[in-house]
Each structure stands twice: as C-alpha cells, then as structure tokens.
Amino acid sequence: MEDGLYFVSSLPILDSLSIGITCLQRPFYERDTSVVARDLVGKKLVRLLAGNSGDQERLVGIITETEAYGGEDDPASHAFHGSTPRNSIMFERGGLSYVYFIYGMYHCMNVSASSKTKKAGAVLIRSILPIDRSHNGLDLTDSACSLHIENGKTPRRILAGPRIGISVATAMNWRFKLP
C-alpha cells in the first residue's frame with residue numbers, strides 16, 4: 001500500500017467492448033464511472049498532430065492513473081450541483097473529452113462516462129501530455145479524431161485509493177493507478 005492505495009482484486013475487464021478495435025468505442029464509457037476509471041488504466045491516450053508536410057504525428061501516452069467522479073450523488077464532482085456551461089460535457093453521452101482550466105495554470109483532461117442509470121460522470125486522467133481547452137468536447141471514440149483512447153494491455157494489478165485534492169466524498173476509493 002502506498003499513498004493510501006491498495007491493490008484491487010483481479011476483476012473481469014470488459015475487453016469484449018474493445019477486442020479487435022483500436023479506438024475504444026462508446027459502450028466502453030456507458031458503464032459505472034468507477035468501473036470505467038479502473039478499466040482506463042493501461043489504455044493509451046493518442047493525440048494526432050498535423051505535420052508541416054500534411055502527414056500526421058502520433059503522440060501516445062499510457063494512462064497510468066485515473067480518478068472517477070460521479071454525478072449529483074458525488075459531492076466532489078463538478079456535476080454535483082447540476083449541469084452548467086463548464087461541466088455540460090459530463091451530462092452528455094460517454095466518450096467525450098471534458099477539459100477544464102484550474103488554478104490559473106493547468107488543463108485537466110477527463111472523459112465523460114456514466115451508466116444508463118446515472119445522469120452524469122467523468123474520469124479524470126491524471127498523467128498524460130499537456131492538454132488544453134481546445135480539446136474539450138472531442139469524441140474520444142472516433143479513431144480519426146486528433147485525440148482518442150485506444151485499447152492497451154490490461155494490467156494484472158491496479159492500485160485503488162481515495163481521490164486527491166478534495167475535501168468531500170473522501171471515503172470513495174475511486175482513484176486508480178498502476179503499481
């Protein structure tokens with residue numbers, strides 16, 4: 001156990017939602033937010049940049065840490081008080097990027113995710129290349145999109161523990177990362 005994290009037992013990962021498909025598809029994100037957060041660990045975030053000669057440069061990072069944020073039932077979530085212009089992506093279909101600016105210096109990258117029974121949710125991706133507000137609302141299920149998430153190796157072990165930097169709903173172990 002490190003940083004209050006513990007190992008999550010080997011739970012079945014819904015790889016059937018992405019087997020044979022490079023870009024994770026929408027049903028992957030249409031599940032409980034904490035399950036999506038856990039299952040994103042080990043996946044690849046891909047950014048496509050247009051080069052000077054018309055070719056595309058591909059930047060890939062392995063997602064090593066995530067945190068789940070629910071809807072109106074999670075006081076630490078931006079969605080807790082309902083939909084606003086800032087958080088509206090959390091109330092839309094799963095698989096959209098939700099990027100916001102905090103502390104006057106950081107852009108936070110999230111992906112919308114919630115089950116059919118929940119109105120809102122998002123997964124904070126804690127460790128990837130710089131992201132800015134222009135990435136907000138992109139469809140991460142479209143492999144032609146300049147930013148999307150691809151299937152990667154399913155880790156054998158994942159650490160789980162409390163989310164960072166919040167003062168409410170601290171008992172929920174919705175932060176996931178590679179050991």
Side-chain angles (χ1 to χ4, degrees), residues 1-9 11 13-14 17 24-43 45 61 63-142 145 147-149 158-178:
M1 187 153 123
E2 75 177 65
D3 297 331
L5 297 170
Y6 62 91
F7 284 108
V8 180
S9 60
L11 299 172
I13 307 288
L14 290 175
L17 296 176
L24 297 178
Q25 299 298 292
R26 197 154 327 279
F28 180 90
Y29 303 100
E30 294 173 338
R31 302 179 293 145
D32 184 86
T33 307
S34 64
V35 173
V36 173
R38 184 201 66 211
D39 289 357
L40 279 172
V41 174
K43 301 293 189 256
L45 181 66
I63 298 171
T64 61
E65 187 174 352
T66 63
E67 287 182 1
Y69 288 89
E72 296 172 351
D73 58 340
D74 179 2
S77 172
H78 289 172
F80 183 65
H81 294 291
S83 182
T84 67
R86 179 187 190 203
N87 72 10
S88 63
I89 298 292
M90 292 180 75
F91 291 84
E92 294 192 26
R93 66 191 190 273
L96 299 180
S97 59
Y98 170 41
V99 179
Y100 56 89
F101 194 59
I102 61 167
Y103 309 128
M105 60 192 316
Y106 301 112
H107 285 93
C108 291
M109 168 71 186
N110 297 256
V111 58
S112 62
S114 62
S115 67
K116 302 268 187 222
T117 61
K118 300 288 184 177
K119 288 184 181 177
V123 176
L124 172 64
I125 298 174
R126 294 189 59 88
S127 59
I128 295 294
L129 295 170
I131 298 290
D132 64 38
R133 186 86 175 121
S134 71
H135 299 106
N136 191 42
L138 295 179
D139 187 348
L140 303 177
T141 67
D142 179 0
C145 184
L147 187 68
H148 59 269
I149 298 176
I158 297 173
L159 292 170
R163 297 174 287 187
I164 296 173
I166 60 172
S167 58
V168 293
T170 57
M172 293 183 225
N173 290 314
W174 282 4
R175 178 174 160 230
F176 303 94
K177 69 182 251 182
L178 292 173

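For the numbers below, each heavy atom of this structure counts, side chains included, while hydrogens, waters and symmetry mates do not.
A search for salt bridge (Lys or Arg N to Asp or Glu O under 4.0 Å) contacts involving Arg26 returns Asp139, not counting sequence neighbours. Qualifying side-chain contact (heavy atoms from CB on, under 4.5 Å) partners for Leu178, counting only residues two or more places apart in sequence or in other chains: Val41, Thr64, Pro155. Partners of Thr170 according to the side chain to side chain donor-acceptor pair (under 3.5 Å) rule, which considers only residues two or more places apart in sequence or in another chain, do not exist here. Residues passing the side chain to side chain donor-acceptor pair (under 3.5 Å) test with Ser167: none are found, sequence neighbours excluded. By the side-chain contact (heavy atoms from CB on, under 4.5 Å) test, Ser77 pairs with Tyr69, Asp74, Ala79, Met90, sequence neighbours left out. Applying the side-chain contact (heavy atoms from CB on, under 4.5 Å) criterion to Thr84, with sequence neighbours excluded, gives Arg86, Asn87. Remark: Phe101 pairs with His107 by the ring-ring contact (aromatic ring centres under 6.0 Å, His included) rule, at least two apart or across chains.
Among all heavy-atom pairs drawn from Leu45 and Met109, the shortest one is CD1-CE, 4.2 Å. Shown here for Gly82 and Phe91, the closest heavy-atom pair between the two residues is C-CZ, 3.5 Å. Nearest heavy-atom pair, Ser114 versus Gly121, reported as atom, atom and distance to 0.1 Å: CB-N, 4.0 Å. Shown here for Ala76 and Ile166, the closest heavy-atom pair between the two residues is CB-CD1, 3.5 Å. Between Tyr29 and Gly94 the shortest heavy-atom distance is CB-C, 3.7 Å. The shortest heavy-atom contact between Ala113 and Val123 is CB-CG2, 4.2 Å.
Note that NE2 of His78 and OH of Tyr98 are 4.5 Å apart. Values are rounded to the nearest 0.5 Å. Taken from OG in Ser97 to CG in Asn136, the straight-line distance is 5.5 Å, to the nearest 0.5 Å. Rounded to the nearest 0.5 angstrom, Cys108 SG and Ile102 CD1 are separated by 3.5 Å. A distance of 5.0 Å separates CG of Asp39 from CZ of Phe28, quoted to the nearest 0.5 Å. The line from NE2 of His148 to NZ of Lys43 is 14.0 Å long, rounded to the nearest 0.5 Å. The CG atom of Asp142 sits 11.0 Å away from atom CG of Leu147, with the distance rounded to the nearest 0.5 Å.
The closest donor-acceptor contact from the side chain of Ser34 to the backbone of Trp174 lies at 3.5 Å or more, if one exists at all. At least one donor-acceptor pair under 3.5 Å links the side chain of Ser112 to the backbone N or O of Arg93. Between the side chain of Glu67 and the backbone N or O of Ile164, at least one donor-acceptor pair lies under 3.5 Å. In this structure, the side chain of Thr141 does not engage the main chain of Gly95 through any donor-acceptor pair within 3.5 Å.
A 4.5 Å side-chain heavy-atom check between Arg175 and Leu124 finds every atom pair outside the cut-off. Looking at Thr66 and Arg126, their side chains never come closer than 4.5 Å, going by heavy atoms from C-beta outward.
Among pairs with a residue in residues 106-118, those fulfilling salt bridge (Lys or Arg N to Asp or Glu O under 4.0 Å) read Glu30-Lys116, Asp73-Lys118, at least two apart in sequence or across chains.
Residue Val111 forms a side-chain contact (heavy atoms from CB on, under 4.5 Å) with just one option from Leu140, Ile89, Ile63, and that option is Leu140.
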Given Leu40 and Ile149, is the side chain to side chain contact (heavy atoms under 4.5 Å, CB included) satisfied, shown in steps?
CA-CA 9 Å; Leu40 279 172; Ile149 298 176; 3.9 Å; yes

